[in-house]
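These figures come from a predicted structure and were not determined experimentally.
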Amino acid sequence: MTNEGLQQSKTEHDGAPQPNHPPRISVTNAPREWGIPAQAEKDKQRQEVASKVVDYIAGNERFMDQDIRVTFAEKGASSLVSIIETPKEKVVLKITLDKRQGEREFLEVWKREGVAVPDILEGGLIDNEYPFTLMEFIDAKTLDANHTYDELVQGEAYVELGKTLRIMHRPIAEGYGAFVDGHGEFGTFTDYLQESKYVKDRTAYVEENHVLDDTHGSLAIAKDVLTAHVGMNPQSSYCHGDFDACNIFDTKPLTVFDPGMFINNGYLDLGLAIAIALTQRNDAAAAEQLIEGYFGDGQYDAAALHAAILFNSYFKLAGAHERRVGDEARRDQQIERVRKYLIQKRHLLTA
């Protein structure tokens with residue numbers, strides 16, 4: 001995207017049309033490089049997409065004739081996030097590297113349910129290739145930046161997170177799996193389990209690298225339990241896919257952002273949130289609070305929930321194991337915490 005053909009005229013007080021002038025853009029830093037083999041392709045892609053940020057700003061009427069400062073955010077494994085500051089405002093531009101669309105739809109669905117999310121200003125494709133979302137800048141730190149995980153547990157923050165996630169799962173979605181063209185990639189849950197390349201690849205990685213095995217619980221049984229559960233509860237929901245303190249701003253009420261954009265049964269999203277929480281602490285307090293907040297005093301299917309935790313542990317631990325290089329001690333601790341929990345609770349699969 002360039003300035004050519006995009007500059008328009010504006011009328012001054014005297015009525016004479018004057019050309020818009022392009023913005024004066026300064027970039028304060030380079031995009032973060034993870035510097036590990038598992039992120040090598042994303043690192044390269046992130047550098048290539050960075051130039052498109054400048055082109056987008058230069059060609060956007062919103063930023064014409066202003067001094068613009070661009071700062072690339074430190075976070076974002078699958079996206080390039082930049083903070084754009086002007087004399088009038090501060091906004092966030094997020095470009096999705098894996099080219100998945102749907103962030104605007106997910107945030108707006110949750111907003112209609114009363115969940116606090118950043119306001120979306122613009123959305124679309126850059127160079128007809130990379131999905132982007134221009135959104136409100138939230139002037140707050142994330143929960144994990146403001147508090148340790150121990151502090152979050154002591155303050156029962158995960159109870160509130162569980163309540164929030166339950167609200168996010170209220171709207172009815174269509175299909176299962178990655179969000180494609182307004183619905184899940186697969187028509188049935190069985191198709192998702194059997195045909196999803198992501199499920200196949202992550203499962204194969206965990207098995208080949210002996211990250212998990214049947215001593216932690218049978219994945220085959222977990223899939224059967226989940227299939228039966230979904231058969232009795234066929235409603236699919238808009239799932240965050242990475243619901244954790246790192247993706248929630250510490251505001252009142254809490255502000256949810258950065259959805260992974262999956263469609264699935266709500267138990268699957270809760271199971272992933274629990275698996276993520278388990279990597280952060282040596283006990284299950286956060287997991288127990290998430291369950292308490294999500295279900296309240298209501299009954300729930302304990303076997304299906306644990307099946308969801310085991311199933312999602314394959315995805316979470318595959319990523320942790322891939323990123324071990326240079327961070328082995330911390331990643332190994334994360335993996336061991338989840339293993340310990342799975343062994344303690346594996347009886348729930350056949351209860």
Taking the side chain from [X] and the backbone from [Y], do they hold a donor-acceptor pair closer than 3.5 Å?
X	Y	value
T133	G123	no
N312	G271	no
R46	E33	no
T251	P253	yes
S218	D214	no
H216	D213	yes
D301	H229	no
T255	A116	no
S51	E48	yes

*asked:* So for atom NZ, which belongs to K345, do other residues, nucleotides or ligands contribute more than 12 heavy atoms lying within a distance under 6.0 Å?
replied: no
What is the minimum heavy-atom distance between [X] and [Y], and which atoms define it?
X	Y	value
D67	P87	O-CD, 3.4 Å
A307	L226	CB-CG, 3.8 Å
D144	C246	OD1-CA, 3.3 Å
N265	C239	O-SG, 4.1 Å
P31	L80	CB-CD1, 3.8 Å
N247	D258	OD1-OD2, 3.4 Å

Please determine, by modelled atom types, if [X] and [Y] share a side-chain donor-acceptor pair under 3.5 angstrom.
X	Y	result
D191	T188	yes
T96	S79	no
D150	T148	no
Y56	N60	yes

What about [X] and [Y], are their ring centers closer than 6.0 Å?
X	Y	answer
Y176	F189	yes
F262	F179	no
F315	Y198	yes
Y238	H169	no

Between [Y] and [X], does any NZ, NE, NH1 or NH2 come within less than 4.0 Å of an OD or OE carboxylate oxygen?
X	Y	answer
R202	E322	yes
D65	R24	yes
E108	R104	yes
K52	D55	no
K90	E136	no
D283	R337	no

Validation row: [X], [Y] side chains within 4.5 angstrom (heavy atoms):
X	Y	value
E89	R62	yes
V338	L342	yes
N264	D269	no
Q101	L125	yes
I83	V70	no
T215	R346	yes
I335	L212	no
Y300	L270	no

*Ring-face cation contact, Y130 with K99, 6.0 Å cut, 45° max*: yes
*asked:* salt bridge (charged side-chain N to carboxylate O under 4.0 Å, His left out), that's the test. Do K111 and D119 meet it? Break it down for me.
replied: CA-CA 9 Å; K111 184 177 182 178; D119 287 336; 2.6 Å; yes
*asked:* I'd like to know whether R331 forms a side-chain hydrogen bond (donor to acceptor under 3.5 Å, both in side chains) with Q334, so could you lay out the CA-CA distance, the side-chain angles of the two residues, the decisive distance to 0.1 Å, and finally the verdict.
replied: CA-CA 5 Å; R331 295 298 185 181; Q334 290 181 336; 3.2 Å; yes
Nearest 0.5 angstrom please: [X] [atom1] to [Y] [atom2], how far?
X	Y	atom1	atom2	answer
D297	E292	CG	CD	8.0 Å
R69	I25	CZ	CD1	14.5 Å
L93	F137	CG	CZ	14.0 Å
Q344	R339	CD	CZ	14.5 Å
F132	D127	CZ	CG	11.0 Å
W110	T164	CH2	OG1	11.5 Å

*Which is it for F186 and L193 under the side chain to side chain contact (heavy atoms under 4.5 Å, CB included) test, yes or no, and what are the steps along the way?*
CA-CA 9 Å; F186 302 98; L193 288 181; over 6 Å; no
Shared ILVMFWY cluster between [X] and [Y], side chains joined below 4.5 angstrom?
X	Y	result
I263	L272	no
I276	L254	no
L349	I291	yes
L152	F249	no
I248	M168	yes

_Chi angles and distances behind the side chain to side chain contact (heavy atoms under 4.5 Å, CB included) call for R324, H321_ = CA-CA 5 Å; R324 288 179 71 253; H321 192 272; 3.5 Å; yes
*Evaluate the criterion side chain to side chain contact (heavy atoms under 4.5 Å, CB included) for residue pair L305 and I274; output intermediate values, then yes/no.*
CA-CA 10 Å; L305 179 58; I274 290 172; 4.2 Å; yes
*Run the side chain to side chain contact (heavy atoms under 4.5 Å, CB included) check on E103 and M135 step by step: do they pass?*
CA-CA 11 Å; E103 181 159 11; M135 67 189 86; 3.8 Å; yes
*Should the pair H240 and F243 be assigned to parallel (<30°), tilted (30 to 60°) or perpendicular (>60°) ring geometry?*
perpendicular
*Taking salt bridge (charged side-chain N to carboxylate O under 4.0 Å, His left out) as the test, write out the residues that go with D98, two or more places apart.*
none
